[in-house]
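Note sheet for the following structure.
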Amino acid sequence: SALPQAYLEVGYGNISVKAGKFLSPVGQESLVSPDRFFYSLDQTFGYVPATASGVLVNWDVSDKFSLFGGWIQRDQFFNNADDNAFTGGFEYQLSQKSTFGYGLVAGSDNRNDIDYFNHSLYFKHRFNNHWSYALEWALLNDQYEYSGISQNVGANVLSQSLYYQINQKWSTGFRVEWQHQYYGFGDGVDAYSLTYGVNWKPRHWILVRPEIRYDSVDGVDAFKWTKNFPPDPKSDQFAGGVSTVLKF
């Protein structure tokens, strides 16, 4: 079973406190499928926590500026009392059309003797009633000891999306992503992704999302290991999919 959220929340005025398990406040990509434009998740989503367990305080400083901060465990449900992390960040509305946000998670995974740091920096802008744009930079860095030597493992991810609202029922979007993984030795690995998708809303409670996607990894045969027998791995792949969301 999967229980992404189970929390209590209390608030007074412009301050609220949330305790339990909840969706991570870091990053712009939502774990909730209806809140996303694309059917597939972007690459930045793999490097920021999807959920968090702990206590989180939100403070709406003004109509344009909000802060959050708290103590959490990332992507688990109080499995180990020795795992502790701080999360914090802000979102600022630069104008009626532009929003800038930042969030981080820094802590220790004592089960695996890892100190980690995640962050997400994003910018969203609406040019007019038709065109809008989103940019996100995510970073993951895990530091651990291996044979008495400190190693860093992680990734830098840059994701850009451009959307066009055709009318009330149709919209289209294009996403370009770059990812660099590093392992504490060598030059690391670069990966690229291109995604084109369409949103169709024949009714206000129906969302249909077809998309096509191309992924490539430099020098690594990362795809098609299990599709065929014997395996015929490839360094790139085309994929497609469609999802239908019914709201009620």
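- Note on Y39 and F37: separate hydrophobic clusters, where clusters join Ile, Leu, Val, Met, Phe, Trp and Tyr whose side-chain heavy atoms are under 4.5 Å apart, directly or indirectly.
- The line from OG of S33 to CG of L207 is 8.0 Å long, rounded to the nearest 0.5 Å.
- The line from CG of L194 to CZ of F174 is 5.0 Å long, rounded to the nearest 0.5 Å.
- Residues V198 and L162 are members of one and the same hydrophobic cluster, defined by side-chain heavy-atom contacts under 4.5 angstrom among Ile, Leu, Val, Met, Phe, Trp and Tyr.
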Q.
As a quick check of understanding, evaluate side-chain contact (heavy atoms from CB on, under 4.5 Å) for I212 and F238, giving each step before the final call.
A. CA-CA 7 Å; I212 55 174; F238 276 101; over 6 Å; no

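- With hydrogens and angles disregarded, no donor-acceptor distance shorter than 3.5 Å links the side chain of S159 to the backbone of T44.
- Here L94 contributes atom CG and K64 contributes atom NZ; the two are 9.0 Å apart, rounded to the nearest 0.5 Å.
- Note: I72 CD1 to F86 CZ = 9.5 Å, rounded to the nearest 0.5 Å.
- Both Y192 and Y196 are members of a single hydrophobic cluster when ILVMFWY side chains are connected at heavy-atom separations under 4.5 Å.
- Residues L23 and Q5 form a side-chain contact, since some pair of their non-hydrogen atoms from C-beta on lies under 4.5 Å apart.
- Within 6.0 Å of CG in N167 there are more than 12 heavy atoms belonging to other residues, nucleotides or ligands.
- Although no hydrogens or angles enter the test, the distance criterion places a donor-acceptor pair under 3.5 Å between the side chain of N118 and the main chain of Y47.
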**Q.** Test side-chain hydrogen bond (donor to acceptor under 3.5 Å, both in side chains) applied to Y214 and D236, step by step
**A.** CA-CA 7 Å; Y214 174 73; D236 61 351; 2.9 Å; yes

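- Here the closest non-hydrogen pair linking S30 and L41 is O-CD2, 4.4 Å.
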Q: Before giving the answer on side-chain hydrogen bond (donor to acceptor under 3.5 Å, both in side chains), spell out for S120 and Q28 the whole-Å C-alpha distance, their side-chain angles and the decisive distance to 0.1 Å.
A: CA-CA 8 Å; S120 168; Q28 66 152 347; over 6 Å; no

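- Considering every non-hydrogen atom in both F38 and S161, the closest pair reads CE1-OG, 4.1 Å.
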Q: Applying side-chain contact (heavy atoms from CB on, under 4.5 Å), run through V48 and V105 and close with a yes or a no.
A: CA-CA 8 Å; V48 295; V105 179; over 6 Å; no

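- The aromatic rings of F127 and Y133 are tilted relative to each other, their planes meeting at an angle between 30° and 60°.
- N199 contributes atom CG, which lies 8.5 Å from atom OG1 of T172 (distance to the nearest 0.5 angstrom).
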Q: In sequence, state the C-alpha distance, the side-chain angles, and the governing distance for R213 and S193, and then conclude on side-chain hydrogen bond (donor to acceptor under 3.5 Å, both in side chains).
A: CA-CA 7 Å; R213 176 169 176 157; S193 177; 3.2 Å; yes

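- Looking only at distances, a side-chain donor or acceptor of H130 sits under 3.5 Å from a matching main-chain atom of Q165.
- A distance of 11.0 Å separates CG in L67 from CD in E91, rounded to the nearest 0.5 Å.
- One hydrophobic cluster holds both W178 and L121 under the rule that ILVMFWY side chains link at heavy-atom gaps under 4.5 Å.
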(Q) If you apply the rule side-chain contact (heavy atoms from CB on, under 4.5 Å), what do you find for I166 with S171, and how did you get there? (A) CA-CA 5 Å; I166 302 171; S171 58; 5.6 Å; no

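- For E29 (side chain) and D42 (main-chain N/O), a donor-acceptor pair under 3.5 Å exists by modelled atom type.
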Q: Would you please test Y182 and N141 for side-chain hydrogen bond (donor to acceptor under 3.5 Å, both in side chains) and show each step?
A: CA-CA 9 Å; Y182 54 90; N141 186 76; 2.9 Å; yes

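- Minimum heavy-atom separation, A134 to K124: CB-CG, 4.1 Å.
- By the 6.0 Å contact criterion, CG on N129 is open, its count of non-hydrogen atoms from other residues, nucleotides or ligands being 12 or less.
- The only option from Y122, F123, Y92, F90 that meets the ring pair (Phe, Tyr, Trp, His ring centres under 6.0 Å) definition with F100 turns out to be F90.
- When all heavy atoms of G70 and L56 are compared, the pair lying nearest together is N-CD1, 4.2 Å.
- Residues S108 and D115 have side chains that bring a donor and an acceptor to within less than 3.5 angstrom of each other.
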(Q) Evaluate E177 against R175 for salt bridge (charged side-chain N to carboxylate O under 4.0 Å, His left out), listing each step before the verdict. (A) CA-CA 7 Å; E177 299 173 89; R175 182 173 65 196; 3.3 Å; yes

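- Between the side chain of T99 and the backbone N or O of Q93, no donor-acceptor pair lies under 3.5 Å.
- The backbone N or O of V153 sits nowhere less than 3.5 Å from a side-chain atom of D142 that would complete a donor-acceptor pair.
- Side-chain contact annotation: R209 with S243, donor-acceptor N/O pair under 3.5 Å present.
- Hydrophobic clustering (ILVMFWY, side-chain heavy atoms < 4.5 Å, transitive): Y163 and V176 are in distinct clusters.
- Of the possible donor and acceptor atoms, one in the side chain of E211 sits under 3.5 Å from a partner among the backbone N and O of S40.
- For the residue pair V61 and N14, the shortest heavy atom distance occurs at O-ND2, 4.5 Å.
- Contact record, V245 with P34: CG1-CG, 3.6 Å, taken as the closest heavy-atom pair.
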